Amino acid sequence: MKAKAILLKKMDNVATALIDIEPDDNIPVKVDDSIINVSIKSQIPFGHKFAVTDISAGDDIIKYGEVIGRATKDIVKGSHAHVSNIESLRGRGDKEI
């Protein structure tokens, strides 16, 4: 079966869609020897991120084992993780990660 999303590190709390994903799709996401099953809540365009666990406002967003931002509001598992609910911490110069 062809992968529909990628998650590289067990510590990641978001995965990246490798295809356009529709609401109510159940996506198996492989990490190491485990599978995380995620029921998608909203449309996830190719290349966009979605939460693989519930993320609380203020939590770090971790992708590829690196902190890439911070949640500005709660993000439910299976929801789109994007600029509407994440603030970037990279390249700003005013905040440390």
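What you see is a predicted model; the values in this text were computed from it and never measured.
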Can you check whether Lys49 reaches Ile68 side chain to side chain, under 4.5 Å on heavy atoms?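 With C-beta onward as the side chain, the pair touches.
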Looking only at heavy atoms, which two atoms of Thr72 and Ser84 are closest? And how far apart?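 The answer is OG1-O, 4.0 Å.
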Checklist entry - Of the non-hydrogen atoms in Ala71 and Ser56, which two are nearest, and what is the gap between them? => result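 In terms of heavy atoms, the two residues are closest at CB-O, 3.5 Å.
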Taking Asp74 for the side chain and Asp54 for the main chain, is one N or O donor matched with an acceptor at less than 3.5 Å?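 Looks like no, no N/O pair under 3.5 Å.
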Would you say the side-chain atoms of Asp12 pair up with the backbone N or O of Tyr64, donor to acceptor, closer than 3.5 Å?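 Yes.
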If I take atom [atom1] from residue [X] and atom [atom2] from residue [Y], how far apart are they, to the nearest 0.5 angstrom?
| X | Y | atom1 | atom2 | value |
| --- | --- | --- | --- | --- |
| Ile19 | Ile21 | CD1 | CD1 | 5.5 Å |
| Ile6 | Lys4 | CD1 | NZ | 16.0 Å |
| Lys73 | Glu87 | NZ | CD | 12.5 Å |

message: So if I apply the side chain to side chain contact (heavy atoms under 4.5 Å, CB included) rule between Val14 and each of Ile62, Val52, Ile55, which one comes out positive?
response: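 Filter result, single survivor: Ile55.
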What side-chain donor-acceptor pairs closer than 3.5 Å can you find for residues 27-47, not counting sequence neighbours?
unit_1, atom_1, unit_2, atom_2, d
Lys30, NZ, Asp32, O, 2.9

_Do Ile61 and Phe50 land in one hydrophobic cluster if side-chain heavy atoms of ILVMFWY residues count as linked below 4.5 Å?_
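No: no chain of side-chain contacts under 4.5 Å links Ile61 to Phe50.
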